[in-house]
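Report on one structure; see the data block that follows.
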Amino acid sequence: MKRYIITGTPGCGKTSIIRALELTGASVVSEAATDLIAFRQAQGSMTPWEQPNFIDDIIRLQKHRQIDMCGDYSDLHFYDRSPICTYALATYLGFEPSHNLMNEIKRIQKYLIYEKQVFFLENLGFITNTDARKISFEDSLKFEQIHREAYAKFGYKCFAVPARPIDERLDFILRAIEKFLGTG
């Protein structure tokens, strides 16, 4: 079983790529932070990322989703973000990485949960804000750099996926995996 992370700056097309991968028959896990933000906003908290427990809530949901996938024996799993992204988010928001977050990073490192090759989607040159995504393009570029640094810090190698149409990005990712596995 191979577990690959799809990441990048907010608004770079991660969710679209995750849906395209799902349509190929691969198993996918949606982004926890976006789902948590939507849930908290539905409860009346319009800026849940300002809450002190926000990072720990994300990490709990990510871990739960990753463990739930253990019963899925398909060959390829794709994750829309990972605990390393949550570390980058904590850094970006100015939070000290929590004990729970650091323990989860230790767990994923110890048990080699994710492949060390991470697909980093390049930004699209703009950002479209949503209720859950309220960041300027300039700030998203800062966040993008924090992500790259976080992945490098924990020993992952980011493979840049060019800003292209979805089908070309999908093909790029699938061909790269074939090369990683020595089948292409």
Side-chain angles (χ1 to χ4, degrees), residues 1-39 42 57-89 104-105 107-128 130-133 140 143-144 147-148 150-152 154-184:
M1 180 184 317
K2 299 290 184 181
R3 297 182 190 108
Y4 291 99
I5 299 164
I6 306 289
T7 194
T9 191
C12 69
K14 291 178 307 301
T15 302
S16 296
I17 293 298
I18 285 288
R19 295 287 77 85
L21 288 161
E22 187 173 33
L23 289 171
T24 70
S27 295
V28 301
V29 176
S30 298
E31 181 182 356
T34 299
D35 291 346
L36 181 64
I37 291 168
F39 177 69
D57 288 346
I58 293 170
I59 209 66
R60 261 190 303 280
L61 184 54
Q62 281 175 327
K63 182 178 181 180
H64 174 75
R65 288 177 174 181
Q66 184 271 310
I67 290 171
D68 276 356
M69 288 297 287
C70 288
D72 180 339
Y73 296 105
S74 62
D75 292 339
L76 288 176
H77 291 193
F78 293 95
Y79 291 78
D80 187 343
R81 298 209 182 274
S82 78
I84 306 300
C85 293
T86 307
Y87 178 91
L89 178 61
E104 181 60 4
I105 290 173
R107 183 186 77 85
I108 68 169
Q109 298 284 73
K110 179 180 179 180
Y111 295 107
L112 305 172
I113 299 296
Y114 301 104
E115 297 301 311
K116 289 293 187 171
Q117 302 92 354
V118 174
F119 293 103
F120 202 100
L121 276 61
E122 292 183 346
N123 71 74
L124 300 174
F126 64 91
I127 192 163
T128 302
T130 66
D131 287 341
R133 184 188 315 127
S140 76
F143 192 30
E144 180 179 60
H147 267 83
R148 289 182 190 278
Y151 276 98
F154 292 106
Y156 291 84
K157 181 171 173 60
C158 291
F159 288 86
V161 179
R164 298 214 172 106
I166 293 170
D167 58 335
E168 291 179 31
R169 284 177 145 187
L170 176 66
D171 186 55
F172 178 93
I173 290 168
L174 295 176
R175 281 185 296 140
I177 290 171
E178 287 178 358
K179 288 179 186 173
F180 298 156
L181 300 176
T183 59

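With values rounded to the nearest 0.5 angstrom, I113 atom CD1 is found 13.0 Å from I105 atom CD1. One distance of note links CD1 of I5 with SG of C85; it measures 6.5 Å at 0.5 Å rounding. Note: K179 NZ to L174 CG = 12.5 Å, rounded to the nearest 0.5 Å. With rounding to the nearest 0.5 angstrom, the CZ atom of F154 is 10.0 Å from the OG atom of S82.
By the salt bridge (Lys or Arg N to Asp or Glu O under 4.0 Å) test, R65 pairs with D35, sequence neighbours left out.
At a threshold of 4.5 Å between non-hydrogen side-chain atoms, the residues Q66 and Y114 count as touching. The shortest distance between side-chain heavy atoms of I84 and I108 falls below 4.5 Å. Using a 4.5 Å heavy-atom threshold, the side chains of E31 and T34 count as touching. Contact check for V161 versus E122: no side-chain heavy atoms found under the 4.5 Å cut-off. Looking only at side-chain heavy atoms (C-beta outward), I59 and P83 come within less than 4.5 Å of each other. Within the 4.5 Å cutoff, no side-chain heavy atoms of L121 are placed close to those of T7.
A salt bridge is defined here as a Lys NZ or Arg NE, NH1 or NH2 lying under 4.0 Å from an Asp or Glu carboxylate O, and R107 with E104 meets this definition.
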- prompt: So E144 and N123, side chain to side chain contact (heavy atoms under 4.5 Å, CB included) or not? Walk me through it.
  reply: CA-CA 8 Å; E144 180 179 60; N123 71 74; 3.5 Å; yes
- request: Go through F180 and F159 one step at a time and tell me if the side chain to side chain contact (heavy atoms under 4.5 Å, CB included) criterion holds.
  value: CA-CA 12 Å; F180 298 156; F159 288 86; 3.7 Å; yes
message: Pair F119, F78 - check ring-ring contact (aromatic ring centres under 6.0 Å, His included), show working.
response: CA-CA 10 Å; F119 293 103; F78 293 95; 7.0 Å; no
task: In sequence, state the C-alpha distance, the side-chain angles, and the governing distance for R60 and D57, and then conclude on side chain to side chain contact (heavy atoms under 4.5 Å, CB included).
output: CA-CA 5 Å; R60 261 190 303 280; D57 288 346; 2.4 Å; yes
message: Run the side chain to side chain contact (heavy atoms under 4.5 Å, CB included) test on K63 and I67 for me, step by step, so that the C-alpha distance in whole Å, both residues' side-chain angles and the decisive distance to 0.1 Å come before the verdict.
response: CA-CA 6 Å; K63 182 178 181 180; I67 290 171; 3.7 Å; yes
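Across all non-hydrogen atoms, the minimal contact from S140 to T9 is O-OG1, 2.7 Å. Residues I166 and S16 come closest through the heavy atom pair CD1-CB, 3.6 Å. For D80 against S30, the heavy-atom pair with the smallest separation is CB-C, 3.9 Å. Considering every non-hydrogen atom in both G11 and L124, the closest pair reads O-CD1, 3.5 Å. Contact record, Y4 with Q117: CD2-O, 3.6 Å, taken as the closest heavy-atom pair. The shortest heavy-atom contact between I173 and I17 is CD1-CG2, 3.6 Å.
Put simply, the side chain of R133 never gets that close to the backbone of P10: no donor and acceptor are under 3.5 Å apart. Checking side-chain atoms of R148 against main-chain N and O of F143 turns up no donor-acceptor pair under 3.5 Å.
Both tests do not hold together for R164 against F172: distance to the six-membered ring centre under 6.0 Å, angle to the ring axis within 45°.
Q62 and T86 share a side-chain donor-acceptor pair at under 3.5 Å. Under 3.5 Å, the side chains of Y156 and Q109 contain a donor-acceptor pair of N or O atoms.
The aromatic rings of Y79 and H77 are tilted relative to each other, their planes meeting at an angle between 30° and 60°. Between F120 and H147, the ring planes are perpendicular. Angles over 60° get that label, and only those under 30° would be called parallel.
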